[in-house]
Each structure stands twice: as C-alpha cells, then as structure tokens.
Amino acid sequence: MKKISKRPESLKPVPFRFCAGCGHGLLHKFIAEIIDELGIREKTIGFAPVGCAVFAYDYFNFDVIESAHGRPPAVATAIKRLLPDRLVFTYQGDGDLAAIGTAEIIHAAARGENFSVIFVNNATYGMTGGQMAPTTLLGQKTTTTTKGRDKRMTGYPIKISEMLATLEGPSFICRTSLDSPKNVINTKKAIKKAFQYQLDKKGFSLVEVLSPCPTDWWMSPQEALPWMKKNMIPAFPLGVIKDKWEVGNGK
Amino acid sequence: MGKIVAVTGNEAVAEALRQINPDVCAAYPITPQTDMMQRFSSFVSDGKVDTELILVESEHSAMSACIGASAGGGRVATATSGPGLALMWEMLYVASGMRLPIVMPVVNRSLSAPLNIHGDHSDAMGARDSGWIQLWSENAQEAYDNTIQAFRIGEHMEIRLPVMVCLDGFIISHSIERMEYLDDNVVKAFVGEYKSLNPLLDIENPKSYGPLILPDLYMEYKRAQHEVMTKVKDVVLNVADDFEKLSKRKYGLFETYRLDDADIAIVILNSAAGTAKDVIDQFRAKGIKAGLLKPRLFRPFPYEEVADAIKNVKALCVMDRADSFGAYGPLFIELCGVALHLQERPLMINKIYGLGGRDFMPEHAELVLNELVEISKTGKVKTFKEYIGVRE
C-alpha cells in the first residue's frame with residue numbers, strides 16, 4: 001500500500017502533552033511540515049516561549065532556544081544577524097508577545113528584522129491558568145476578570161497585528177485562525193509564506209494565529225470552535241493585514 | 001477568637017490581604033505566586049475589598065504602579081516570584097529609595113536558566129541589597145502572620161520602608177496546612193488606618209519624589225537608608241509583641257529550636273526548617289545536643305542577637321537554598337558576619353541544598369548533623385562549602 005502521510009522529520013516521535021482541543025499541537029505540526037517541505041531542518045533555530053508552548057524543544061527536531069519572558073524578538077534579532085542564512089522564528093503567546101514583551105516585538109518589527117514570528121492568540125494567559133491577557137475580549141470571563149472584562153477597569157483588547165502594520169518595517173503581517181478546516185489550511189499557507197519571505201530576505205514577517213484554549217475558556221473542544229468563530233474572529237478580523245511585496249498592496 | 005482552617009500558603013496570604021484591604025494592588029501572574037493574586041482579584045470582583053486592582057502587563061509595571069500609588073498616599077501591595085522579582089529589580093531600589101512602605105509577598109522561586117518554576121531562595125537573596133525589609137516564613141501560618149505584621153513594620157512612621165514577605169514556592173504556596181486566621185476586625189484594628197507621609201497632590205505642601213541627585217548629596221540619601229535600617233529591629237520586636245497579644249503566637253528576629261544548650265546546630269530558612277526540627281528531635285533522643293536557628297528578619301540582619309544565640313555552639317552548619325556562585329552561600333556569608341561579634345566562634349560549614357525545588361529530606365539533615373558531630377569531636381572541617389542532595 002502506498003504511504004501517503006508520515007510524521008514530519010522536524011517533529012520528534014513523542015506525544016503532545018497539550019490540553020484537549022488546544023491549538024498548539026496543530027501549529028507545531030504545521031511548522032514541522034513546512035520546515036520539511038522547505039528542506040531547511042538543519043538550518044532552523046526556533047524559540048520556546050514562556051507559556052504553554054514552553055516545551056517546544058521536546059517536540060521540534062531542530063535547535064531551540066529559550067529566552068526570558070517576552071524577549072524572543074530581541075534574541076532572535078541577534079541570532080539572525082549573526083547567522084543570516086538560518087531560518088529563525090519565534091513562537092510566542094499573547095502573554096509573551098502582547099504583554100510582557102510588547103517593547104521587543106514593536107522594535108524588532110520597526111527595524112524590519114528578517115525573522116518570522118508565530119503569534120498565538122488565545123485571548124487568555126493559558127499556562128498560568130486563565131487570567132486576563134491584553135487580547136482578552138470585552139466581556140470575556142477570566143480568573144482575574146470574573147464578571148467579564150470591563151473596559152472601564154482593564155481597557156480594550158490589543159490588536160497587535162494592526163498595530164504593527166502601522167510601522168514601515170514589517171514585510172508581511174497576517175491573521176489566521178484554527179477554528180475551521182479552511183482557516184487551518186490558510187494558517188499553514190500563511191506560515192509557509194512568512195518563512196519563504198524570510199528565506200528570500202524580504203524582512204520581518206508575523207502570523208497571528210487565533211487558537212482555541214478550551215481549558216481556560218471553560219468549554220469543551222467542540223464548544224470552543226464555534227465560540228471562536230462567533231466571538232474572536234469579529235474582534236480580530238482574519239486576512240493579510242500588510243504585505244509589502246504583493247503587487248497592488250502598497251509600496 | 002479567630003478561625004481554624006486548612007488552606008494553602010497562597011490562600012492564607014491572599015486572605016491576609018483581603019482583611020487588610022489595601023487601597024491599590026497591581027498584579028501580573030507568575031508561577032507559583034499566580035494563584036495568590038488571582039484569589040485576591042476574586043475578592044475585588046466580589047466586592048469583598050475596596051482595592052483598586054491594576055492588571056498590568058509585566059512585573060516591571062506592577063512595581064512601578066505600586067510606587068505611583070504609594071507615593072500618591074495609598075496603602076499598597078503586590079506579590080511576585082522568581083523572574084518576576086528579577087524584572088522588578090530596577091523599581092525595588094526606587095521603592096526603597098523613595099521610602100515607600102509597599103508590602104510584597106515573594107513566593108520564592110528559582111531563576112532562569114535553565115527555566116525552573118520551583119521553590120528556591122535565589123530570587124529574594126538577589127534582592128537582599130535593594131533596601132527592602134525581608135521577613136521569611138516557614139509555613140502558611142507564618143506567611144499570613146508576617147504579611148499582617150509587614151504593614152505595621154513598613155508603615156511605621158520612623159521606618160517607612162517596603163517589606164518583602166518570603167514563603168517557599170509550591171512547598172508552602174501550594175500545600176494545604178492547618179492554620180489559624182484572625183478575625184477581620186482584629187486584623188483591621190491591628191494594622192490601623194493607613195497614614196500617608198508626604199503624599200503627592202497635597203496642594204498646600206507640593207513635593208517631588210526621586211529627583212536627580214548627583215555626587216553632592218546622593219551618598220547622604222544612601223546613608224539615611226542605612227540609618228533607618230538600624231531602627232527596624234526594635235520596630236519588628238514591638239510589632240511582634242503587639243501581635244502576640246492578639247494571636248498568642250510569638251515572633252522574634254529569628255526562631256531558635258532546642259538551641260540553648262546545643263553543641264551542634266543548623267541555621268536554615270523557611271520550610272526546610274520544619275524538616276530539620278524533626279531530625280533534631282531524633283538526635284536529641286539519642287542524647288546528641290542538636291539545635292536550630294531559623295532567621296525571620298533577614299534584612300536588616302540581626303548580627304549581634306544571632307551571635308548571642310549561637311555563642312555556645314561548637315559546630316554550625318549554615319544551609320542555603322541559593323548559591324552565590326564562586327562564593328559561599330548568602331546565608332553563610334551573613335553568619336560569617338555574625339562570627340565577627342563572637343570571641344570564640346563555632347566551626348562553620350556551608351551546605352547548598354534544595355535548588356530549583358529539589359526536595360530537602362530528613363536524611364539530608366541527618367547527614368549534616370552527623371558531620372557536625374564529627375567536626376565537634378575532631379575540631380576539623382574537611383570542606384567549607386558543599387552541595388548536598390545532588391547527583392554526582
């Protein structure tokens with residue numbers, strides 16, 4: 001019988017330990033598949049974030065570095081400048097990228113550093129147990145906003161991708177979602193494009209992926225996907241937000 | 001009076017904060033502290049406190065917000081752990097330099113790299129020179145009691161300094177223990193109404209906080225911080241006396257355990273002291289005069305008082321749950337300072353244990369006490385500093 005599918009070489013043969021319905025496993029698999037497809041496994045350096053994906057080095061079959069919480073864009077800048085022929089990507093959650101590390105991501109993007117960012121937005125601090133994140137939706141209940149996020153107390157969700165797209169530096173910024181088969185396929189395409197841009201020396205690329213966190217949303221995995229479609233996608237619209245190199249798209 | 005409960009260390013400290021009802025708290029989650037301020041945020045949501053809770057984007061901002069609130073004239077608290085405390089570093093010195101009585105439980109955790117979330121004293125030891133008062137706690141009861149006393153100590157009009165209350169990550173923060181809560185009205189009466197000193201926006205008396213002070217006067221400010229620290233011991237003891245009257249629980253600058261007639265002794269901080277005390281009982285049962293000293297007030301450090309407490313000990317092991325790489329452990333270095341106050345000092349050894357949450361087991365205390373017996377017999381120390389409970 002013909003073998004049509006196999007575990008990517010860039011993924012170690014170990015089971016994922018993520019919660020049921022979590023998006024990280026899917027994203028890890030895509031990243032590994034893309035790196036295999038691009039044939040650059042031995043030239044890849046990834047980042048393990050502080051957050052639920054902290055164990056990235058247990059899963060990815062390439063070199064991974066851990067940095068202090070929020071600082072991957074600064075460390076990635078230096079690695080990429082030192083080793084410009086490598087594929088360097090950070091993998092950051094909304095706590096890492098949109099809260100504690102806001103300064104680093106803005107300045108790396110503004111400088112147009114030639115590395116890629118996978119920004120996983122699940123609208124909550126997953127690892128610490130579901131506290132309010134900067135991306136938490138208005139009205140969303142978390143362990144620190146138990147009556148729902150109130151804009152008078154905690155302000156509004158940050159749209160990181162739109163914010164970074166106002167800068168001249170970034171080349172490619174796109175938001176995708178893991179809520180449906182179509183959007184899952186688009187997510188993989190977007191990440192591949194981001195990596196290809198980096199390999200083509202086109203500059204800073206970021207893919208924001210809306211990802212389910214049933215555990216900290218207090219839902220079943222089945223309930224989480226429609227919830228994302230109904231609540232998250234309207235607040236964080238999908239699509240290409242900036243593409244410097246696409247014809248008819250500005251510059 | 002009071003209530004007997006079974007709670008975790010985090011829950012106990014969150015309860016103390018609820019009873020105290022600070023004006024402002026800033027919170028950013030970090031393991032293993034997270035669940036303390038999360039519990040506190042439930043008190044805010046449920047209207048059980050009037051606190052203005054600010055959910056900030058990092059610990060750097062958490063301490064900055066506390067500084068603003070405290071300079072503005074409010075009673076202020078936050079909490080953190082390990083790398084969170086490290087990210088606050090810059091502001092720790094600002095808080096103490098501005099003489100702002102912020103209270104901060106520190107759920108002790110190791111520092112990266114490698115990344116580790118477990119109990120370890122490297123965080124607070126690194127902050128020992130930041131001008132904060134440090135109280136250390138063996139268990140949930142002590143963490144609760146120290147938190148309540150911390151407000152009285154830091155806010156004392158002759159002190160006005162920030163206070164850290166240290167408790168061991170996971171071992172205490174996440175373990176359920178039997179302990180006693182005081183009644184709300186008792187705690188409220190004990191800490192009293194907050195009295196601000198030189199607050200901002202006092203229109204009749206405008207002020208500046210933290211101005212640029214160059215070599216002409218900077219050193220005088222630092223000398224003043226040193227001077228105020230010399231007054232802290234008396235205040236800590238007075239507050240402890242008042243606290244004993246309402247709680248029947250006695251606190252001092254440190255705790256001694258079977259130390260009065262001890263030939264050999266262990267000096268150790270926080271939760272591991274409990275384990276060591278059990279082993280000391282076993283040695284006492286064998287007729288070996290073993291004792292223990294557990295510092296409570298680590299900054300300022302009570303050198304003379306500790307010297308007096310250990311003056312008859314022949315051999316002493318100072319145990320550090322943190323290392324100062326290339327030097328002796330931080331607690332051991334303090335005991336070297338203590339030795340300056342003794343005509344005859346005990347033979348001293350330093351053991352590093354329990355880093356990154358490695359369990360401190362009774363057999364580790366046994367190992368140490370047996371070595372102390374040997375040292376007191378022979379008068380010889382083989383190795384001054386050694387790791388124990390470590391894979392070779």
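Side-chain atoms are counted along with the backbone in the values below, which use heavy atoms only and exclude waters and symmetry mates. Labels below follow one simple rule: chain letters A, B, ... track the order of the sequence lines, proteins then strands, and each chain is numbered from 1.
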(message) Please rank A/T142, A/T144, A/T102 by heavy-atom pairs under 4.5 Å with chain B and give me the top one.
(response) A/T144

(request) Residue by residue, scan residues 42-53 of chain B and write down, ordered by number, those that have a heavy-atom distance under 4.5 Å to chain A; if none do, write 'none'. (result) B/S42, B/S45, B/D46

(request) Count the heavy atoms of every other residue, nucleotide or ligand shown that sit under 6.0 Å from NZ of A/K147, and state whether that count exceeds 12. (result) yes

(message) If you count heavy atoms of other groups shown closer than 6.0 angstrom to CE of B/M98, is the number above 12?
(response) yes

(request) Find out whether B/T34 and A/Y125 are in side-chain contact, i.e. whether some heavy atom of one side chain is under 4.5 Å from a heavy atom of the other. (result) no

(request) List the steps and the verdict of side chain to side chain contact (heavy atoms under 4.5 Å, CB included) for B/T31 and A/T128. (result) CA-CA 7 Å; B/T31 309; A/T128 48; 4.0 Å; yes

(request) Working to the nearest 0.5 Å, report the span between CD of A/Q131 and CG of B/D35. (result) 9.0 Å

(request) Would you mind checking which part of B/F40 comes under 4.5 Å of any heavy atom in chain A, side chain (CB onward), backbone (N, CA, C, O), both or neither? (result) neither

(message) Please output the residues of residues 64-71 of chain A in contact with chain B, using a heavy-atom cutoff of under 4.5 Å, in numerical order.
(response) A/E66, A/H69, A/R71

(message) A side-chain contact here means heavy atoms from C-beta on lying under 4.5 Å apart; do A/V54 and B/L115 qualify?
(response) yes

(request) Tell me the residues of residues 42-51 of chain A whose non-hydrogen atoms fall below 4.5 Å from those of chain B, in number order. (result) none

(message) Only heavy atoms, only distances under 4.5 angstrom. Which residues in residues 57-90 of chain B are near chain A?
(response) B/E57, B/S58, B/E59, B/L87

(request) Return the option, out of A/T143, A/T146, A/D150, A/T145, with the maximum number of heavy-atom pairs under 4.5 Å with chain B. (result) A/T143

(request) Identify which part of A/T154 has an atom lying under 4.5 Å from any heavy atom of chain B, answering side chain, backbone, both or neither. (result) side chain

